[in-house]
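Below is one structure, written out as C-alpha coordinates; the observations come after it.
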2 protein chains.
Amino acid sequence: MTVLKDVSGGVALWRRIVDAIRLDIIGGKLAEGDRLPTEAALAERFSANRHTVRRALAVLADEGVVGAEQGRGTFVRSARRLSYPIGKRTRFSEGLAGQARMLTTQHLGDRLENANATVAAALGIRAGSKVVRLDALSSADGKPISRATTWLAYRRFPDVAQRVIGGQRMTAVFASYGINDYSRASTRISARHADVEETQLLGLAPGAILLVSEAVDVDSDGVPISYALSRFPAERMELVV
Amino acid sequence: MTVLKDVSGGVALWRRIVDAIRLDIIGGKLAEGDRLPTEAALAERFSANRHTVRRALAVLADEGVVGAEQGRGTFVRSARRLSYPIGKRTRFSEGLAGQARMLTTQHLGDRLENANATVAAALGIRAGSKVVRLDALSSADGKPISRATTWLAYRRFPDVAQRVIGGQRMTAVFASYGINDYSRASTRISARHADVEETQLLGLAPGAILLVSEAVDVDSDGVPISYALSRFPAERMELVV
DNA sequence: AATAGTTGTCTATTACATTAGACAAATCGA
DNA sequence: TCGATTTGTCTAATGTAATAGACAACTATT
(Lines give C-alpha, C1' and ligand atoms only; values in the text may rest on other atoms or scores of the structure.)
Protein backbone atom coordinates (compact mmCIF):
# COMPACT_ATOMS: atom_id res chain seq x y z
CA MET A 1 0.00 0.00 0.00
CA THR A 2 1.44 3.31 -1.09
CA VAL A 3 1.62 6.36 1.10
CA LEU A 4 1.14 9.80 -0.45
CA LYS A 5 1.65 13.24 1.12
CA ASP A 6 4.69 15.49 1.03
CA VAL A 7 3.90 18.47 -1.17
CA SER A 8 0.82 18.98 -3.25
CA GLY A 9 2.08 19.83 -6.72
CA GLY A 10 -1.23 21.49 -7.38
CA VAL A 11 -3.28 18.34 -6.82
CA ALA A 12 -5.36 18.44 -3.65
CA LEU A 13 -4.76 15.74 -1.08
CA TRP A 14 -8.38 14.55 -1.11
CA ARG A 15 -8.04 14.19 -4.87
CA ARG A 16 -4.90 12.05 -4.59
CA ILE A 17 -6.62 9.88 -2.00
CA VAL A 18 -9.51 9.37 -4.42
CA ASP A 19 -7.07 8.22 -7.11
CA ALA A 20 -5.15 5.96 -4.74
CA ILE A 21 -8.22 4.17 -3.41
CA ARG A 22 -9.71 3.79 -6.87
CA LEU A 23 -6.41 2.32 -7.98
CA ASP A 24 -6.53 -0.24 -5.15
CA ILE A 25 -10.02 -1.21 -6.25
CA ILE A 26 -9.35 -1.37 -9.97
CA GLY A 27 -6.01 -3.08 -9.34
CA GLY A 28 -7.72 -5.84 -7.43
CA LYS A 29 -6.37 -5.15 -3.95
CA LEU A 30 -9.97 -4.54 -2.96
CA ALA A 31 -12.68 -6.68 -4.50
CA GLU A 32 -16.37 -5.92 -5.00
CA GLY A 33 -18.13 -6.23 -1.65
CA ASP A 34 -14.95 -5.87 0.41
CA ARG A 35 -14.97 -3.51 3.33
CA LEU A 36 -12.47 -0.66 3.08
CA PRO A 37 -10.24 0.16 6.04
CA THR A 38 -11.98 2.47 8.50
CA GLU A 39 -11.80 6.19 7.92
CA ALA A 40 -9.39 6.45 10.84
CA ALA A 41 -7.10 3.81 9.33
CA LEU A 42 -7.16 5.46 5.91
CA ALA A 43 -6.42 8.81 7.50
CA GLU A 44 -3.34 7.29 9.10
CA ARG A 45 -2.24 5.57 5.90
CA PHE A 46 -2.40 8.81 3.93
CA SER A 47 -1.14 10.98 6.81
CA ALA A 48 -4.31 12.98 6.40
CA ASN A 49 -7.15 14.11 8.57
CA ARG A 50 -10.23 11.96 8.81
CA HIS A 51 -12.28 14.77 7.25
CA THR A 52 -10.00 14.81 4.24
CA VAL A 53 -10.45 11.06 3.83
CA ARG A 54 -14.21 11.50 4.17
CA ARG A 55 -14.16 14.01 1.34
CA ALA A 56 -12.34 11.51 -0.87
CA LEU A 57 -14.78 8.74 0.06
CA ALA A 58 -17.69 11.06 -0.72
CA VAL A 59 -16.35 11.52 -4.25
CA LEU A 60 -15.96 7.77 -4.73
CA ALA A 61 -19.45 7.23 -3.32
CA ASP A 62 -20.77 9.79 -5.78
CA GLU A 63 -19.15 7.85 -8.60
CA GLY A 64 -20.76 4.66 -7.33
CA VAL A 65 -17.41 3.04 -6.64
CA VAL A 66 -17.94 2.70 -2.89
CA GLY A 67 -20.83 3.08 -0.48
CA ALA A 68 -20.72 3.95 3.21
CA GLU A 69 -23.03 2.39 5.81
CA GLN A 70 -23.24 4.06 9.14
CA GLY A 71 -22.02 1.91 11.97
CA ARG A 72 -20.78 -0.83 9.64
CA GLY A 73 -18.13 0.58 7.35
CA THR A 74 -17.52 1.55 3.74
CA PHE A 75 -17.80 -1.09 1.03
CA VAL A 76 -16.66 -1.54 -2.56
CA ARG A 77 -19.66 -1.36 -4.88
CA SER A 78 -18.31 -1.62 -8.41
CA ALA A 79 -14.77 -2.40 -9.49
CA ARG A 80 -14.78 -2.77 -13.25
CA ARG A 81 -12.74 -0.98 -15.86
CA LEU A 82 -13.30 -1.63 -19.56
CA SER A 83 -10.49 -2.85 -21.80
CA TYR A 84 -10.20 -1.43 -25.27
CA PRO A 85 -8.14 -3.66 -27.59
CA ILE A 86 -5.76 -2.03 -30.05
CA GLY A 87 -4.31 -3.94 -32.94
CA LYS A 88 -3.96 -4.20 -36.70
CA ARG A 89 -7.66 -4.72 -37.13
CA THR A 90 -9.08 -2.52 -34.42
CA ARG A 91 -12.84 -2.06 -34.67
CA PHE A 92 -14.41 -0.01 -31.96
CA SER A 93 -17.63 -1.85 -31.31
CA GLU A 94 -16.28 -5.36 -31.77
CA GLY A 95 -13.54 -4.80 -29.24
CA LEU A 96 -15.90 -3.89 -26.47
CA ALA A 97 -18.56 -6.45 -27.27
CA GLY A 98 -19.21 -8.63 -24.27
CA GLN A 99 -17.83 -6.12 -21.80
CA ALA A 100 -20.88 -3.92 -21.78
CA ARG A 101 -24.56 -4.54 -22.41
CA MET A 102 -25.27 -1.43 -24.42
CA LEU A 103 -22.85 0.46 -26.65
CA THR A 104 -23.94 3.73 -28.19
CA THR A 105 -22.16 6.32 -30.29
CA GLN A 106 -23.57 9.81 -30.44
CA HIS A 107 -22.71 12.13 -33.31
CA LEU A 108 -21.80 15.53 -31.84
CA GLY A 109 -21.15 17.42 -35.04
CA ASP A 110 -19.16 17.69 -38.25
CA ARG A 111 -17.51 20.45 -40.22
CA LEU A 112 -15.23 21.18 -43.12
CA GLU A 113 -11.74 22.28 -42.10
CA ASN A 114 -8.39 22.97 -43.68
CA ALA A 115 -5.93 20.32 -42.52
CA ASN A 116 -3.36 21.53 -40.03
CA ALA A 117 0.17 20.14 -40.10
CA THR A 118 -0.61 17.20 -37.79
CA VAL A 119 -3.72 16.06 -39.64
CA ALA A 120 -2.10 16.55 -43.04
CA ALA A 121 0.95 14.51 -42.06
CA ALA A 122 -1.21 11.71 -40.69
CA LEU A 123 -3.41 11.53 -43.79
CA GLY A 124 -0.54 12.06 -46.21
CA ILE A 125 -2.06 15.15 -47.82
CA ARG A 126 -0.97 18.78 -48.18
CA ALA A 127 -1.43 21.05 -45.18
CA GLY A 128 -4.43 23.26 -45.87
CA SER A 129 -6.28 20.63 -47.88
CA LYS A 130 -9.96 20.30 -47.13
CA VAL A 131 -10.79 17.66 -44.56
CA VAL A 132 -14.03 16.54 -42.95
CA ARG A 133 -13.98 16.58 -39.17
CA LEU A 134 -16.35 14.35 -37.19
CA ASP A 135 -16.93 14.60 -33.46
CA ALA A 136 -18.49 11.76 -31.53
CA LEU A 137 -19.12 10.51 -28.02
CA SER A 138 -19.35 6.80 -27.19
CA SER A 139 -20.97 5.31 -24.14
CA ALA A 140 -21.15 1.87 -22.58
CA ASP A 141 -24.20 1.11 -20.45
CA GLY A 142 -24.96 4.82 -20.36
CA LYS A 143 -21.54 5.90 -19.13
CA PRO A 144 -19.40 7.87 -21.60
CA ILE A 145 -16.20 6.02 -22.40
CA SER A 146 -14.69 7.92 -25.29
CA ARG A 147 -14.70 11.29 -26.97
CA ALA A 148 -13.35 10.96 -30.49
CA THR A 149 -12.52 13.40 -33.27
CA THR A 150 -11.91 11.91 -36.70
CA TRP A 151 -10.53 13.62 -39.79
CA LEU A 152 -10.93 12.30 -43.34
CA ALA A 153 -9.82 13.78 -46.66
CA TYR A 154 -12.73 15.70 -48.24
CA ARG A 155 -11.63 14.72 -51.75
CA ARG A 156 -12.12 11.03 -51.06
CA PHE A 157 -14.96 11.15 -48.53
CA PRO A 158 -16.96 14.29 -49.46
CA ASP A 159 -20.27 13.35 -47.85
CA VAL A 160 -19.03 11.11 -45.07
CA ALA A 161 -20.81 13.26 -42.48
CA GLN A 162 -24.26 12.46 -43.90
CA ARG A 163 -23.50 8.77 -43.97
CA VAL A 164 -22.28 8.80 -40.39
CA ILE A 165 -25.34 10.70 -39.21
CA GLY A 166 -27.36 7.96 -40.88
CA GLY A 167 -26.31 5.88 -37.89
CA GLN A 168 -23.91 3.56 -39.64
CA ARG A 169 -20.72 2.25 -38.10
CA MET A 170 -17.44 3.40 -39.62
CA THR A 171 -16.90 -0.08 -41.03
CA ALA A 172 -20.15 0.27 -42.99
CA VAL A 173 -19.39 3.84 -44.02
CA PHE A 174 -16.01 2.85 -45.40
CA ALA A 175 -17.66 -0.06 -47.21
CA SER A 176 -20.06 2.40 -48.84
CA TYR A 177 -17.00 4.07 -50.38
CA GLY A 178 -15.80 0.75 -51.70
CA ILE A 179 -13.34 0.11 -48.88
CA ASN A 180 -14.09 -3.39 -47.71
CA ASP A 181 -11.01 -3.78 -45.59
CA TYR A 182 -8.82 -1.43 -43.64
CA SER A 183 -6.29 -1.72 -40.87
CA ARG A 184 -4.53 0.25 -38.20
CA ALA A 185 -1.24 1.74 -39.36
CA SER A 186 -0.16 3.35 -36.10
CA THR A 187 -1.43 4.33 -32.68
CA ARG A 188 0.21 6.89 -30.42
CA ILE A 189 -0.79 6.92 -26.80
CA SER A 190 -0.31 9.67 -24.28
CA ALA A 191 -2.03 10.93 -21.13
CA ARG A 192 -3.06 14.26 -19.70
CA HIS A 193 -5.67 16.00 -17.58
CA ALA A 194 -9.11 16.54 -19.09
CA ASP A 195 -10.09 20.07 -19.98
CA VAL A 196 -13.50 21.50 -19.14
CA GLU A 197 -15.30 20.50 -22.33
CA GLU A 198 -14.05 16.93 -22.06
CA THR A 199 -14.90 16.86 -18.38
CA GLN A 200 -18.49 17.79 -19.11
CA LEU A 201 -19.00 15.56 -22.12
CA LEU A 202 -17.49 12.52 -20.46
CA GLY A 203 -19.21 13.15 -17.16
CA LEU A 204 -15.97 13.27 -15.20
CA ALA A 205 -14.84 15.09 -12.12
CA PRO A 206 -12.68 18.04 -13.21
CA GLY A 207 -9.02 17.16 -13.12
CA ALA A 208 -9.66 13.59 -14.27
CA ILE A 209 -6.98 11.86 -16.33
CA LEU A 210 -7.48 10.96 -19.98
CA LEU A 211 -5.75 8.36 -22.08
CA VAL A 212 -5.27 9.97 -25.49
CA SER A 213 -4.84 7.82 -28.59
CA GLU A 214 -4.01 9.11 -32.05
CA ALA A 215 -4.71 6.48 -34.64
CA VAL A 216 -4.24 6.30 -38.40
CA ASP A 217 -6.24 3.76 -40.38
CA VAL A 218 -5.16 2.75 -43.89
CA ASP A 219 -6.92 0.95 -46.72
CA SER A 220 -5.66 -2.33 -48.19
CA ASP A 221 -3.22 -0.38 -50.39
CA GLY A 222 -1.70 1.28 -47.35
CA VAL A 223 -3.18 4.68 -48.15
CA PRO A 224 -4.29 6.59 -45.03
CA ILE A 225 -8.05 7.00 -44.85
CA SER A 226 -8.68 8.44 -41.40
CA TYR A 227 -6.93 10.09 -38.50
CA ALA A 228 -8.69 9.72 -35.16
CA LEU A 229 -7.95 11.46 -31.89
CA SER A 230 -9.72 9.58 -29.09
CA ARG A 231 -9.86 10.47 -25.43
CA PHE A 232 -10.69 7.78 -22.85
CA PRO A 233 -11.25 8.40 -19.13
CA ALA A 234 -8.34 6.59 -17.49
CA GLU A 235 -10.54 5.70 -14.54
CA ARG A 236 -12.97 3.73 -16.70
CA MET A 237 -10.81 2.42 -19.53
CA GLU A 238 -7.51 0.80 -20.27
CA LEU A 239 -5.97 0.05 -23.66
CA VAL A 240 -4.74 -3.41 -24.51
CA VAL A 241 -2.24 -3.88 -27.32
CA MET B 1 -7.03 26.81 -28.00
CA THR B 2 -8.88 25.30 -25.10
CA VAL B 3 -10.24 27.29 -22.21
CA LEU B 4 -10.22 25.77 -18.73
CA LYS B 5 -11.83 27.04 -15.50
CA ASP B 6 -15.19 26.22 -13.98
CA VAL B 7 -14.59 24.07 -10.91
CA SER B 8 -11.31 22.71 -9.72
CA GLY B 9 -11.92 19.02 -9.09
CA GLY B 10 -8.98 19.03 -6.74
CA VAL B 11 -6.49 20.18 -9.34
CA ALA B 12 -5.29 23.73 -8.79
CA LEU B 13 -5.84 26.22 -11.59
CA TRP B 14 -2.13 27.02 -11.91
CA ARG B 15 -1.52 23.32 -12.30
CA ARG B 16 -4.08 22.97 -15.09
CA ILE B 17 -2.54 25.96 -16.85
CA VAL B 18 0.87 24.26 -16.65
CA ASP B 19 -0.59 21.15 -18.28
CA ALA B 20 -2.42 23.13 -20.96
CA ILE B 21 0.60 25.17 -22.01
CA ARG B 22 2.87 22.14 -21.97
CA LEU B 23 0.33 20.39 -24.18
CA ASP B 24 0.40 23.27 -26.66
CA ILE B 25 4.18 23.02 -26.77
CA ILE B 26 4.40 19.25 -27.05
CA GLY B 27 1.49 19.21 -29.49
CA GLY B 28 3.34 21.55 -31.83
CA LYS B 29 1.11 24.62 -31.48
CA LEU B 30 4.16 26.35 -30.08
CA ALA B 31 7.58 25.53 -31.51
CA GLU B 32 10.98 25.83 -29.91
CA GLY B 33 11.98 29.50 -29.84
CA ASP B 34 8.42 30.78 -30.26
CA ARG B 35 7.24 33.54 -28.00
CA LEU B 36 4.27 32.63 -25.81
CA PRO B 37 1.29 34.98 -25.58
CA THR B 38 1.85 37.69 -22.96
CA GLU B 39 0.97 36.93 -19.37
CA ALA B 40 -2.04 39.22 -19.72
CA ALA B 41 -3.26 37.35 -22.80
CA LEU B 42 -2.80 33.97 -21.14
CA ALA B 43 -4.65 35.23 -18.07
CA GLU B 44 -7.57 36.14 -20.29
CA ARG B 45 -7.50 32.85 -22.17
CA PHE B 46 -7.65 30.84 -18.94
CA SER B 47 -9.99 33.29 -17.17
CA ALA B 48 -7.34 33.51 -14.48
CA ASN B 49 -5.40 36.23 -12.75
CA ARG B 50 -2.02 37.22 -14.12
CA HIS B 51 -0.39 36.02 -10.90
CA THR B 52 -1.88 32.59 -11.35
CA VAL B 53 -0.51 32.45 -14.90
CA ARG B 54 2.88 33.60 -13.60
CA ARG B 55 2.90 30.73 -11.13
CA ALA B 56 2.24 28.28 -13.96
CA LEU B 57 4.98 29.83 -16.09
CA ALA B 58 7.38 29.64 -13.15
CA VAL B 59 6.82 25.88 -12.96
CA LEU B 60 7.41 25.47 -16.70
CA ALA B 61 10.52 27.66 -16.45
CA ASP B 62 11.75 25.47 -13.60
CA GLU B 63 11.30 22.42 -15.83
CA GLY B 64 13.27 24.14 -18.57
CA VAL B 65 10.30 24.12 -20.92
CA VAL B 66 10.03 27.91 -21.19
CA GLY B 67 12.15 30.90 -20.19
CA ALA B 68 10.99 34.45 -19.41
CA GLU B 69 12.93 37.55 -20.43
CA GLN B 70 11.97 40.81 -18.80
CA GLY B 71 10.65 43.32 -21.28
CA ARG B 72 10.66 40.86 -24.16
CA GLY B 73 8.36 37.99 -23.34
CA THR B 74 8.38 34.32 -22.50
CA PHE B 75 9.87 31.85 -24.96
CA VAL B 76 9.71 28.11 -25.61
CA ARG B 77 13.04 26.52 -24.70
CA SER B 78 12.60 22.78 -25.24
CA ALA B 79 9.70 20.98 -26.83
CA ARG B 80 10.57 17.33 -27.20
CA ARG B 81 8.80 14.26 -25.92
CA LEU B 82 10.26 10.79 -26.47
CA SER B 83 8.33 8.09 -28.30
CA TYR B 84 8.49 4.55 -26.99
CA PRO B 85 7.52 1.99 -29.64
CA ILE B 86 5.46 -1.00 -28.58
CA GLY B 87 5.11 -4.03 -30.78
CA LYS B 88 5.63 -7.75 -31.12
CA ARG B 89 9.38 -7.37 -30.84
CA THR B 90 9.66 -4.54 -28.36
CA ARG B 91 13.22 -4.01 -27.09
CA PHE B 92 13.66 -1.14 -24.70
CA SER B 93 16.99 0.28 -25.79
CA GLU B 94 16.54 -0.26 -29.52
CA GLY B 95 13.26 1.61 -29.58
CA LEU B 96 14.69 4.77 -28.13
CA ALA B 97 17.93 4.69 -30.06
CA GLY B 98 18.37 7.89 -32.02
CA GLN B 99 15.97 9.86 -29.84
CA ALA B 100 18.44 10.41 -27.02
CA ARG B 101 22.20 10.59 -26.85
CA MET B 102 22.65 8.62 -23.65
CA LEU B 103 20.44 5.83 -22.36
CA THR B 104 21.11 4.37 -18.94
CA THR B 105 19.32 1.79 -16.81
CA GLN B 106 19.94 1.75 -13.10
CA HIS B 107 19.24 -1.35 -11.03
CA LEU B 108 17.33 -0.30 -7.92
CA GLY B 109 17.02 -3.66 -6.23
CA ASP B 110 15.78 -7.24 -6.43
CA ARG B 111 14.06 -9.66 -4.11
CA LEU B 112 12.35 -13.00 -3.93
CA GLU B 113 8.57 -12.82 -3.61
CA ASN B 114 5.57 -15.08 -3.70
CA ALA B 115 3.55 -14.34 -6.81
CA ASN B 116 0.29 -12.53 -6.18
CA ALA B 117 -2.76 -13.26 -8.31
CA THR B 118 -1.89 -10.71 -10.99
CA VAL B 119 1.72 -11.77 -11.43
CA ALA B 120 0.81 -15.46 -11.34
CA ALA B 121 -1.86 -15.04 -14.00
CA ALA B 122 0.51 -13.10 -16.25
CA LEU B 123 3.30 -15.65 -15.94
CA GLY B 124 0.98 -18.63 -16.09
CA ILE B 125 2.12 -20.05 -12.74
CA ARG B 126 0.41 -20.86 -9.44
CA ALA B 127 -0.29 -17.95 -7.10
CA GLY B 128 2.23 -18.10 -4.28
CA SER B 129 5.01 -19.52 -6.47
CA LYS B 130 8.41 -17.98 -5.96
CA VAL B 131 9.19 -15.15 -8.35
CA VAL B 132 12.16 -12.83 -8.71
CA ARG B 133 11.28 -9.17 -8.66
CA LEU B 134 13.58 -6.61 -10.31
CA ASP B 135 13.27 -2.86 -9.90
CA ALA B 136 14.94 -0.47 -12.33
CA LEU B 137 15.03 3.14 -13.36
CA SER B 138 15.86 4.20 -16.92
CA SER B 139 17.05 7.62 -18.01
CA ALA B 140 17.62 9.36 -21.32
CA ASP B 141 20.23 12.10 -21.37
CA GLY B 142 20.15 12.17 -17.58
CA LYS B 143 16.38 12.59 -17.28
CA PRO B 144 14.45 9.62 -15.84
CA ILE B 145 11.98 8.25 -18.36
CA SER B 146 10.77 5.01 -16.84
CA ARG B 147 10.42 3.18 -13.58
CA ALA B 148 10.00 -0.52 -14.23
CA THR B 149 9.27 -3.54 -12.06
CA THR B 150 9.76 -6.94 -13.65
CA TRP B 151 8.76 -10.36 -12.31
CA LEU B 152 10.21 -13.66 -13.54
CA ALA B 153 9.56 -17.21 -12.35
CA TYR B 154 12.25 -18.23 -9.86
CA ARG B 155 12.18 -21.83 -11.05
CA ARG B 156 13.28 -20.86 -14.54
CA PHE B 157 15.43 -17.81 -13.79
CA PRO B 158 16.86 -18.45 -10.31
CA ASP B 159 19.85 -16.15 -10.49
CA VAL B 160 18.53 -13.55 -12.93
CA ALA B 161 19.23 -10.78 -10.43
CA GLN B 162 22.98 -11.39 -10.45
CA ARG B 163 23.06 -11.42 -14.22
CA VAL B 164 21.10 -8.18 -14.45
CA ILE B 165 23.35 -6.49 -11.91
CA GLY B 166 26.23 -7.52 -14.15
CA GLY B 167 25.01 -4.73 -16.39
CA GLN B 168 23.60 -6.81 -19.20
CA ARG B 169 20.51 -5.94 -21.16
CA MET B 170 17.47 -8.19 -20.78
CA THR B 171 18.02 -9.48 -24.30
CA ALA B 172 21.46 -10.73 -23.27
CA VAL B 173 20.21 -12.09 -19.95
CA PHE B 174 17.51 -14.11 -21.67
CA ALA B 175 20.11 -15.36 -24.16
CA SER B 176 22.21 -16.58 -21.22
CA TYR B 177 19.27 -18.81 -20.27
CA GLY B 178 19.13 -20.17 -23.79
CA ILE B 179 16.31 -17.92 -24.93
CA ASN B 180 17.52 -16.44 -28.18
CA ASP B 181 14.22 -14.99 -29.25
CA TYR B 182 11.22 -13.69 -27.43
CA SER B 183 8.25 -11.49 -28.23
CA ARG B 184 5.58 -9.39 -26.66
CA ALA B 185 2.37 -11.26 -25.95
CA SER B 186 0.29 -8.39 -24.60
CA THR B 187 0.54 -4.85 -23.34
CA ARG B 188 -2.07 -3.14 -21.20
CA ILE B 189 -1.91 0.62 -20.93
CA SER B 190 -3.49 2.84 -18.34
CA ALA B 191 -2.82 6.20 -16.73
CA ARG B 192 -2.89 7.64 -13.23
CA HIS B 193 -1.26 10.17 -10.94
CA ALA B 194 2.22 9.43 -9.66
CA ASP B 195 2.61 8.56 -6.00
CA VAL B 196 5.34 10.05 -3.84
CA GLU B 197 7.98 7.37 -4.41
CA GLU B 198 7.51 7.58 -8.18
CA THR B 199 7.51 11.35 -8.05
CA GLN B 200 10.88 11.35 -6.34
CA LEU B 201 12.52 8.64 -8.42
CA LEU B 202 11.37 10.10 -11.72
CA GLY B 203 12.15 13.66 -10.70
CA LEU B 204 8.59 14.88 -11.28
CA ALA B 205 6.43 17.53 -9.74
CA PRO B 206 3.93 15.91 -7.38
CA GLY B 207 0.65 15.24 -9.10
CA ALA B 208 2.34 14.41 -12.41
CA ILE B 209 0.63 11.90 -14.69
CA LEU B 210 2.09 8.48 -15.47
CA LEU B 211 1.46 6.19 -18.40
CA VAL B 212 1.42 2.69 -16.96
CA SER B 213 2.17 -0.31 -19.16
CA GLU B 214 1.84 -3.94 -18.12
CA ALA B 215 3.64 -6.18 -20.54
CA VAL B 216 4.06 -9.93 -20.85
CA ASP B 217 6.93 -11.30 -22.90
CA VAL B 218 6.88 -14.90 -24.14
CA ASP B 219 9.56 -17.20 -25.53
CA SER B 220 9.37 -18.72 -29.00
CA ASP B 221 7.13 -21.49 -27.65
CA GLY B 222 4.66 -18.93 -26.37
CA VAL B 223 5.51 -19.57 -22.72
CA PRO B 224 5.47 -16.40 -20.58
CA ILE B 225 8.92 -15.45 -19.35
CA SER B 226 8.46 -12.02 -17.79
CA TYR B 227 5.81 -9.66 -16.55
CA ALA B 228 6.84 -6.00 -16.50
CA LEU B 229 5.06 -3.06 -14.94
CA SER B 230 6.52 0.15 -16.37
CA ARG B 231 5.66 3.71 -15.43
CA PHE B 232 6.46 6.54 -17.86
CA PRO B 233 6.05 10.27 -17.12
CA ALA B 234 3.32 11.34 -19.55
CA GLU B 235 4.95 14.75 -19.90
CA ARG B 236 8.15 13.25 -21.28
CA MET B 237 7.02 10.08 -23.06
CA GLU B 238 4.38 8.75 -25.38
CA LEU B 239 3.79 5.17 -26.47
CA VAL B 240 3.56 4.24 -30.12
CA VAL B 241 1.91 1.00 -31.14
C1' DA C 1 -28.82 -4.19 27.73
C1' DA C 2 -24.34 -2.61 27.65
C1' DT C 3 -20.27 -1.68 25.07
C1' DA C 4 -16.94 -1.08 21.53
C1' DG C 5 -16.39 0.28 16.92
C1' DT C 6 -17.92 2.75 12.95
C1' DT C 7 -19.89 6.57 10.08
C1' DG C 8 -22.37 11.32 10.27
C1' DT C 9 -22.39 16.23 11.61
C1' DC C 10 -21.00 20.40 13.74
C1' DT C 11 -17.70 24.31 15.00
C1' DA C 12 -13.25 26.46 14.78
C1' DT C 13 -8.54 27.38 13.18
C1' DT C 14 -4.61 27.47 10.03
C1' DA C 15 -2.34 27.14 5.45
C1' DC C 16 -2.66 27.70 0.58
C1' DA C 17 -4.91 29.21 -3.95
C1' DT C 18 -6.70 32.99 -6.28
C1' DT C 19 -7.86 37.56 -7.17
C1' DA C 20 -6.83 42.56 -7.20
C1' DG C 21 -4.15 46.70 -7.85
C1' DA C 22 -0.01 49.41 -8.15
C1' DC C 23 4.46 50.35 -9.64
C1' DA C 24 9.43 49.10 -10.84
C1' DA C 25 12.64 47.31 -14.42
C1' DA C 26 13.86 45.91 -18.90
C1' DT C 27 13.17 45.87 -24.04
C1' DC C 28 12.02 47.62 -28.52
C1' DG C 29 10.61 50.64 -32.11
C1' DA C 30 9.29 55.29 -33.52
C1' DT D 1 15.16 59.81 -26.14
C1' DC D 2 10.37 58.90 -25.46
C1' DG D 3 6.60 55.90 -24.97
C1' DA D 4 4.39 51.58 -25.35
C1' DT D 5 4.82 46.88 -24.10
C1' DT D 6 6.27 43.27 -21.25
C1' DT D 7 8.07 40.85 -17.18
C1' DG D 8 9.28 41.37 -11.99
C1' DT D 9 7.92 42.51 -7.21
C1' DC D 10 5.23 43.97 -3.43
C1' DT D 11 0.92 44.39 -0.46
C1' DA D 12 -3.73 43.08 0.59
C1' DA D 13 -8.19 40.68 0.63
C1' DT D 14 -11.08 36.54 -0.08
C1' DG D 15 -12.33 31.64 -0.69
C1' DT D 16 -11.05 26.73 -0.54
C1' DA D 17 -8.25 22.86 1.42
C1' DA D 18 -6.80 20.70 5.45
C1' DT D 19 -6.41 20.06 10.36
C1' DA D 20 -8.43 19.48 15.01
C1' DG D 21 -11.70 18.05 18.42
C1' DA D 22 -16.17 16.80 20.15
C1' DC D 23 -20.27 14.31 20.04
C1' DA D 24 -24.46 12.12 17.79
C1' DA D 25 -26.30 8.03 15.27
C1' DC D 26 -26.04 3.49 14.00
C1' DT D 27 -24.30 -1.58 14.01
C1' DA D 28 -22.70 -5.75 15.79
C1' DT D 29 -21.03 -8.43 19.60
C1' DT D 30 -20.89 -9.79 24.22
Side-chain angles (χ1 to χ4, degrees), chain A residues 3-21 30 33-77 193 196 205-207, chain B residues 3-21 30 33-77 193 196 205-207:
Chain A
V3 175
L4 313 171
K5 197 69 184 261
D6 241 337
V7 275
S8 74
V11 182
L13 180 53
W14 62 263
R15 181 53 208 267
R16 285 177 287 155
I17 296 176
V18 166
D19 290 343
I21 294 178
L30 292 166
D34 279 4
R35 205 189 82 168
L36 273 67
T38 67
E39 296 174 348
L42 289 170
E44 189 178 8
R45 167 176 161 202
F46 294 118
S47 309
N49 191 275
R50 189 181 144 226
H51 294 294
T52 309
V53 169
R54 281 179 60 74
R55 175 155 189 188
L57 291 175
V59 171
L60 290 168
D62 206 55
E63 292 176 5
V65 175
V66 305
E69 297 176 26
Q70 187 166 2
R72 298 193 62 218
T74 305
F75 300 82
V76 178
R77 290 256 183 279
H193 282 123
V196 172
Chain B
V3 175
L4 313 171
K5 198 65 183 264
D6 239 336
V7 273
S8 74
V11 182
L13 180 53
W14 63 264
R15 181 54 207 268
R16 284 178 285 155
I17 296 175
V18 166
D19 291 343
I21 295 178
L30 292 166
D34 279 5
R35 205 190 83 169
L36 273 68
T38 66
E39 293 173 351
L42 288 170
E44 189 178 6
R45 168 179 160 201
F46 294 118
S47 309
N49 190 274
R50 190 181 143 225
H51 294 294
T52 308
V53 169
R54 281 179 60 74
R55 174 153 189 190
L57 290 174
V59 172
L60 289 168
D62 206 55
E63 292 176 5
V65 175
V66 304
E69 297 176 26
Q70 188 167 2
R72 298 192 62 218
T74 306
F75 299 83
V76 178
R77 291 253 183 281
H193 282 123
V196 172

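Excluded from the calculations below are hydrogen atoms, water molecules and symmetry mates; all remaining heavy atoms, backbone and side chain alike, are included. Order of the sequence lines fixes the chain letters, A, B, ..., with proteins taken first and strands second; residue numbering starts at 1 for each chain. Remember, predicted model here, so these are calculated numbers, not experimental data.
What separates CZ of Phe75(A) from C1' of dC26(D) is a distance of 13 Å, to the nearest Å. Trp14(B) places its CH2 atom 14 Å from the C1' atom of dA17(D), with the value rounded to the nearest Å. Atom CG in Asn49(B) sits about 17 Å away from atom P in dT11(D), given to the nearest Å. Following rounding to the nearest Å, Phe46(B) (CZ) and dT19(C) (P) show an atom-to-atom distance of 12 Å. The interatomic distance linking Glu39(A) (CD) with dA25(D) (P) rounds to 17 Å, in whole Å. Note: CG (Leu13(A)) to P (dA17(C)) measures 13 Å, nearest angstrom. What separates CZ of Arg15(A) from P of dA17(C) is a distance of 16 Å, to the nearest Å. Between the C1' atom of dT9(D) and the CG atom of Leu57(B) lies a distance of 16 Å, rounded to the nearest Å.
A donor N or O paired with an acceptor N or O is not found under 3.5 Å between the base of dG8(C) and the side-chain atoms of His51(A).
As judged by a 4.0 angstrom heavy-atom cut-off over every strand, Thr52(B) is placed among the base-contacting residues.
OP1 or OP2 of dT6(C) sits under 4.0 Å from a side-chain N or O of Arg35(A). An OP1 or OP2 oxygen of dT6(D) is reached within less than 4.0 angstrom by no side-chain nitrogen or oxygen of Thr74(B). Close to dA17(D), at under 4.0 Å from its OP1 or OP2, lies a side-chain N or O of Arg55(A).
A 4.5 Å side-chain heavy-atom check between Leu42(B) and Thr74(B) finds every atom pair outside the cut-off. Looking at His193(A) and His193(B), their side chains come closer than 4.5 Å, going by heavy atoms from C-beta outward.
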Subject >> Base versus backbone protein contacts along nucleotides 23-30 of chain C [heavy-atom cut-off under 4.0 Å; B, S, -] >> reply: --BBSS--
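For the pair Val66(A) and Leu57(A), the tightest heavy-atom approach, listed with the atom from each and the gap, is CG2-O, 3.9 Å.
Atom CD1 of Ile17(A) is separated from atom CZ of Arg54(A) by 13.0 Å, given to the nearest 0.5 angstrom. One finds the CZ atom of Arg15(A) at 11.0 Å from the CZ atom of Arg55(A) (value rounded to the nearest 0.5 Å).
You'll find that the side chain of Arg54(B) is closest to dT9(D), out of dA18(D), dT6(D), dT9(D).
Arg35(A) contributes a side-chain N or O that, together with a main-chain N or O of Arg72(A), makes up a donor-acceptor pair within less than 3.5 Å. Side-chain N or O atoms of Arg16(A) include none that pairs as donor or acceptor with a backbone N or O of Phe46(A) at under 3.5 Å.
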